[in-house]
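Following: one structure in structure tokens, then a few remarks.
Quick note: residue numbers are just sequence positions, from 1. In what follows, every heavy atom counts, from backbone to side chain, and hydrogens, waters and symmetry copies are set aside.
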Amino acid sequence: MKSTRVIRLSFVAMLLIVTGCSNEQNDSSLALLKTTNPDELIVGAGHSTKDEETAKQVKEKVSQFKELYDVSVVEGEKEFLVAYKVKHMQRFHMKKIEKTLTNYLESHFPDEKFTVSSDYKIFLETIRLKEKVENGTYTNKEAEKRFEEIVKLRDELT
């Protein structure tokens with residue numbers, strides 16, 4: 001009797017220690033559970049202040065859509081990737097929202113090419129890419145390559 005109580009208490013103590021030590025969390029681990037509102041990211045070789053301003057404008061315009069609650073904008077050398085999360089009650093209208101958003105971006109930024117996605121996996125991958133660029137894990141060339149892989153992944157999912 002006493003030995004089972006000791007085993008139980010030991011198990012509970014070990015469980016508390018393990019869960020207490022694993023408190024290190026980053027944006028990508030919580031990206032699907034809460035609003036992360038990441039900054040825009042520009043990958044690739046030479047980017048200018050004009051690129052940064054355009055990326056900020058794109059994020060600002062997309063964030064104004066009332067159906068969306070979290071937006072990630074990544075600008076590559078050739079195109080923008082706009083990944084977003086749709087509010088729960090708007091999920092029935094996702095195709096319509098994507099079409100409206102694409103048309104809106106193309107009309108406001110006619111010189112730019114856009115890839116738009118409401119897929120959580122794409123959103124999560126953009127967050128991970130941003131973290132790796134900020135941590136210095138990826139060089140510009142690696143980040144651009146990963147960006148192209150994410151765009152291909154988005155094309156495969158549709």
Side-chain angles (χ1 to χ4, degrees), residues 19-158:
T19 57
C21 293
S22 66
N23 199 17
E24 183 182 319
Q25 295 176 341
N26 51 17
D27 283 346
S28 66
S29 64
L30 295 174
L32 297 179
L33 302 175
K34 67 175 190 151
T35 303
T36 56
N37 198 18
D39 292 333
E40 42 298 315
L41 175 65
I42 301 172
V43 295
H47 66 274
S48 64
T49 357
K50 179 185 175 276
D51 294 335
E52 292 175 14
E53 287 300 316
T54 305
K56 285 181 183 181
Q57 288 175 358
V58 168
K59 171 139 182 164
E60 191 176 295
K61 299 266 186 200
V62 173
S63 297
Q64 292 176 356
F65 277 71
K66 67 182 186 324
E67 298 93 349
L68 311 179
Y69 70 94
D70 211 358
V71 179
S72 176
V73 176
V74 181
E75 182 181 2
E77 288 185 19
K78 301 174 186 168
E79 65 185 313
F80 279 91
L81 174 61
V82 179
Y84 57 90
K85 293 192 275 185
V86 177
K87 290 182 181 175
H88 185 70
M89 294 304 289
Q90 301 296 323
R91 296 194 62 77
F92 295 109
H93 309 288
M94 287 175 69
K95 290 290 182 190
K96 180 182 170 196
I97 292 168
E98 186 170 327
K99 184 178 179 183
T100 304
L101 182 60
T102 303
N103 291 337
Y104 178 82
L105 288 171
E106 288 174 353
S107 67
H108 280 79
F109 303 96
D111 298 335
E112 306 296 340
K113 183 181 177 200
F114 291 96
T115 300
V116 178
S117 178
S118 62
D119 193 310
Y120 277 145
K121 181 166 179 64
I122 302 299
F123 185 85
L124 187 60
E125 290 299 322
T126 61
I127 299 296
R128 288 181 181 155
L129 175 63
K130 181 181 182 326
E131 287 176 354
K132 288 185 178 186
V133 168
E134 287 178 350
N135 292 341
T137 308
Y138 280 169
T139 63
N140 284 338
K141 191 173 184 177
E142 291 171 330
E144 179 65 28
K145 183 179 177 186
R146 182 64 187 139
F147 173 76
E148 294 298 328
E149 290 172 359
I150 295 170
V151 171
K152 277 185 184 176
L153 177 66
R154 190 266 180 216
D155 293 339
E156 289 173 4
L157 291 175
T158 57

Presence of salt bridge, [Y] and [X], under 4.0 angstrom:
{"X": "K152", "Y": "E149", "value": "no"}
{"X": "E98", "Y": "R154", "value": "yes"}
{"X": "R128", "Y": "E131", "value": "no"}

Value for CD (E144) from NZ (K141), rounded to nearest 0.5 Å, stands at 11.0 Å
Distance from H108 atom NE2 to N103 atom CG, nearest 0.5 Å?
12.0 Å
Minimum side-chain heavy-atom gap [X]-[Y] below 4.5 Å:
{"X": "L81", "Y": "F147", "value": "yes"}
{"X": "K113", "Y": "F80", "value": "no"}
{"X": "V116", "Y": "L105", "value": "yes"}
{"X": "F114", "Y": "V58", "value": "yes"}
{"X": "L41", "Y": "E75", "value": "no"}
{"X": "V73", "Y": "T126", "value": "no"}
{"X": "E67", "Y": "Y84", "value": "no"}
{"X": "L68", "Y": "K85", "value": "no"}

K87 and K66: which non-hydrogen atoms are nearest, and at how many Å?
NZ-O, 3.0 Å
Give a yes or no on whether the backbone of K121 and the side-chain of D119 come within a donor-acceptor separation of less than 3.5 Å.
yes
So that I know where these two stand, are F65 and Y104 an aromatic pair - ring centroids less than 6.0 Å apart?
yes
